[in-house]
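As the structure lists them, so they are numbered: ligands from 1, and atoms in each ligand from 1.
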Amino acid sequence: MNITVENSVSILNARWEGTNPEALIDNISIDSRSLQNSEHSLFFALSGPNNDAHHYIKDLIAIGVQNFVVTRIPDDCAAKANFLIVENTLVALQQFAAYYRGRFHFPIIGLTGSNGKTIVKEWLNFLLSPDYNVIRSPKSYNSQVGVPLSVVAINEKHNLGIFEAGISTVNEMDKLEKIIKPNIGVLTNIGSSHDEGFIDLEQKIQQKMQLFKDAAVLIYPKSSAIEKYINPNTKAFSWSFKEEDADVFVSKREISHQETVLVFQYKGSSYELKIPFVDKASVENAVSCLLVMLHFGYDVEVIQARMELLFPVEMRLEVKNGINNCTVIDDSYSSDYQSLKIALDVLESQNKFHKKTVILSDIFQSGFPNEQLYAKVAKLIVSNKINRVIGIGETISDFKEQFSNCITFKNTADFIANFEKLDFSNESILIKGARSFHFEEIVTLLEEKTHETVLEINLNAISYNLNFFKSKLQPKVKIMVMVKAFGYGNGGLEIAKLLEHHKVDYLGVAFADEGISLKNGGIKLPIMVLNPESTSFPAIIQYGLEPEIYSLKGLHAFLKIAKQKNLQHFPIHIKVDTGMHRLGFEENTVDELIATLKGNSTVKVQSILSHMATSDDVNHHEFALSQIRLFEKLSSKIIRELEINPIRHILNTSGISNFPDSQYDMVRLGIGLYGVSNDAEEQKELENVGTLKSIISQIRTIPAGDSVGYGRRFMAEKATKVATIPIGYADGIRRAWGNGVGFVTIKDQKAPILGSVCMDMLMVDVSEIDCLEGDDVIIFGESPSVSYMANQLQTIPYEILTSISQRVKRVFYR
Ligand SMILES: *Cc1c(COP(=O)(O)O)cnc(C)c1O
């Protein structure tokens with residue numbers, strides 16, 4: 001870095017008290033546990049609502065840290081280190097980063113957008129790194145803290161920067177802009193969801209565009225809403241799937257269920273390229289990358305060759321259970337010095353085992369001569385107290401002596417051949433390698449094999465779907481999410497926690513017990529209970545749940561208990577029956593309902609609701625409208641006569657999509673959150689949430705004439721390779737899914753079910769599939785989808801999802 005404490009004092013406009021103003025700074029830290037803290041670190045003592053890093057300064061001095069940016073000098077610390085005293089340490093960190101950024105003059109790409117920032121960044125790194133020494137934000141470091149930390153990692157060997165910026169409210173982007181100062185801007189997209197932090201979409205766009213105020217060029221999806229905010233000095237470089245006058249007009253053609261061909265018109269010519277994705281988000285992200293490459297002047301042949309190799313980005317540093325009681329940290333898709341530092345911190349934070357092993361590939365893109373690079377890496381390894389290094393690759397093998405206790409292999413195959421001899425047990429193992437080394441094969445070897453069927457729940461997909469439906473809501477309309485029946489089979493508490501994080505307004509459950517287990521799990525959101533039995537009223541009150549009251553009998557029973565407990569204004573929800581004829585006050589009981597509640601202060605009508613019978617069915621559109629009209633009439637009457645101002649709500653998922661004018665004050669989102677729509681077009685917009693997975697227990701080949709399973713319901717007409725999967729109707733797979741109706745997916749290929757589904761197992765035809773015992777099997781997920789399955793079985797996705805038995809373990813991931 002070549003910055004002294006004295007320089008820093010003037011950069012930060014700080015007041016200095018301390019020991020040695022000439023001390024050199026070579027790195028920045030904010031994490032007191034980071035082992036990279038050393039005599040040359042400048043530690044910024046940030047303070048948040050729950051944590052104040054000033055408390056750790058004394059301990060840091062004890063381990064040799066010498067330089068601190070603080071708002072005050074902690075007790076007993078004066079004269080023991082250098083203190084740079086500022087008003088606000090976060091602002092100081094940002095000032096420092098902005099100053100540091102100013103010392104470099106190579107191109108910097110600044111990325112923002114509602115989705116896809118990290119993926120586009122990782123892809124650009126992959127696409128451009130053959131020609132540049134790229135510095136990029138690690139992981140998703142895109143916040144007010146993450147951006148400055150990313151930028152201070154620049155060094156003089158880099159010649160291209162890629163940094164992402166994320167904001168959640170106003171006046172944040174201008175701060176990030178000052179730090180990143182991008183020359184090339186990329187706006188991935190603007191989601192239409194109305195975020196908490198912005199008044200409206202307009203403001204969101206205007207704020208995000210701040211990042212590009214001095215950029216020479218901006219790459220963006222063509223839209224007048226964006227163009228309004230492009231600075232006249234910035235060259236606009238747009239793409240579009242719809243507008244032919246975009247600079248790059250793209251059309252797409254799915255050529256298999258994994259590949260898309262993009263045909264693009266650029267400067268009067270037409271070109272094609274292939275990418276290994278079909279989903280909308282990946283295709284859009286790839287187009288953003290295409291424009292960056294065009295801007296850099298790459299030949300189309302190079303673009304085609306590189307883009308064909310794009311890969312899914314795993315942004316999570318995954319911590320997994322390993323064989324022989326090990327813990328495995330999987331970071332098997334990148335290897336650069338900066339991300340190694342972060343991965344080592346994660347390894348440290350595991351601190352479950354004393355023994356630590358790092359499996360490391362050759363390191364790329366440092367820009368330093370190898371000699372120097374591996375010396376730096378070795379230093380990092382020592383300071384992190386790593387017991388064993390396993391190096392894989394030609395270069396790291398050449399620098400083996402730099403490390404103590406290091407074994408090396410020329411390539412991954414070599415390592416795998418020697419795997420049995422290496423003895424991994426009771427230790428934490430970090431697996432860190434560039435993509436080209438295929439370390440995922442090592443992860444597979446080290447991962448504990450769980451011989452069980454799991455339902456994997458993608459929490460990001462849930463967030464995505466939530467935002468999709470939120471984007472359909474008018475401003476101020478609240479959202480209740482139905483998490484009844486164990487979150488439609490997907491897992492109640494975990495999903496409720498995620499929804500709480502996303503600040504939905506209400507949760508809805510069917511029974512009191514479901515609500516109680518959420519409250520016991522720490523959920524603070526208000527929870528409405530759809531079908532409270534009178535016996536559960538005391539528990540409802542005790543746990544602060546809110547009952548739906550749907551009859552005079554229920555109302556009187558509740559009032560009785562509530563009065564005994566001297567409650568005041570306890571929230572209740574009044575359900576009126578408008579045609580579903582399931583639960584609810586009928587029209588002719590509404591007068592008595594009003595009379596009972598008039599002047600009553602024991603309860604408060606928190607909301608009035610009704611439920612639609614046909615919101616998903618165009619053939620019954622008229623009936624649905626009649627329900628809405630009756631709801632309007634009954635709810636208005638109650639409101640008028642009781643002179644109250646409750647929340648009104650009638651729409652479920654398909655109601656949100658089909659009756660946008662009847663959102664009232666709140667909607668009740670259910671199945672849509674879990675990635676299922678009753679509308680085929682809308683289905684394409686949602687992300688798959690649950691993937692039911694199993695493995696192959698056994699494979700055998702049977703000759704023509706033999707049969708498979710109970711009742712010999714499958715007879716082989718030719719020699720058939722049969723795989724047995726440990727999942728059956730007791731797990732919720734309908735028997736009707738067997739006998740030629742259904743299939744599972746193995747290695748991306750369909751394997752039809754042979755004969756009848758058994759209680760705990762089923763058999764499939766894998767004659768055409770190159771597979772082995774132990775291989776993964778997808779029962780449902782992307783394909784077959786739950787909707788497809790439901791269709792074939794003449795049922796609805798709700799039934800398939802909620803039938804998955806509780807013996808199937810749910811695993812959540814982001
Ligand atoms: C289940 C339920 C919903 C949600 O329905 P979806 O079709 O899953 O969106 C809404 N309201 C009530 C009363 C429900 O029972």
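The N/O atoms of Leu669, backbone and side chain alike, include none that comes under 3.5 Å of an N/O atom in ligand 1. Polar contact check, Lys575 against ligand 1: no nitrogen or oxygen pair lies under 3.5 Å apart. Of the N or O atoms in Ser654, none lie within a sub-3.5 Å distance of an N or O in ligand 1.
Close approach of ligand 1 to Tyr488 (heavy-atom distance below 4.0 Å) involves ligand atoms 1 (C), 4 (C), 5 (O), 6 (P), 8 (O). The ligand atoms of ligand 1 that sit less than 4.0 angstrom from a heavy atom of Gly670 are 4 (C), 6 (P), 8 (O), 9 (O).
Outside the 6.0 Å centre-distance limit, the rings of Tyr788 and Phe780 are not counted as a close aromatic pair.
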Worksheet entry | Stepwise ring pair (Phe, Tyr, Trp, His ring centres under 6.0 Å) test for His573 and Tyr506 | CA-CA 12 Å; His573 301 261; Tyr506 256 95; 5.4 Å; yes

Worksheet item: Between Asp679 and Ser654, does a side chain to side chain donor-acceptor pair (under 3.5 Å) hold up when you go through it step by step?
Response: CA-CA 8 Å; Asp679 178 90; Ser654 15; over 6 Å; no

Item to complete: Begin with the C-alpha distance, continue with both residues' side-chain angles, and end with the deciding distance and a verdict on side chain to side chain donor-acceptor pair (under 3.5 Å) for Glu682 and Ser657.
Response: CA-CA 9 Å; Glu682 186 172 87; Ser657 306; 2.5 Å; yes

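Of the candidates Val483, Asp616, Leu673, Thr653, it is Thr653 that places a heavy atom closest to atom 9 (O) of ligand 1. Of the options Lys484, Met482, Met480, the smallest heavy-atom separation from atom 14 (C) of ligand 1 is shown by Lys484. Checking Ile650, Val481, Ile671, Leu530 against atom 13 (C) of ligand 1, the nearest heavy atom belongs to Leu530.
Relative to the ring axis of Phe511, Lys484 does not place its NZ or CZ within 45° and under 6.0 Å from the centre.
Not a single heavy atom of Met580 sits closer than 4.0 Å to an atom of ligand 1.
The protein atom (non-hydrogen) at minimum distance from atom 12 (C) of ligand 1 is His611 CE1, 3.3 Å.
A perpendicular orientation is assigned to the rings of Phe537 and Phe558, their planes being inclined by more than 60° (bins at 30° and 60°).
Residue Met612 does not touch ligand 1, judged by heavy-atom distances below 4.0 Å.
For the pair Phe659 and His621, the minimum side-chain heavy-atom distance is below 4.5 Å. By the 4.5 Å heavy-atom criterion applied to side chains, His649 and Asp665 are not counted as neighbours.
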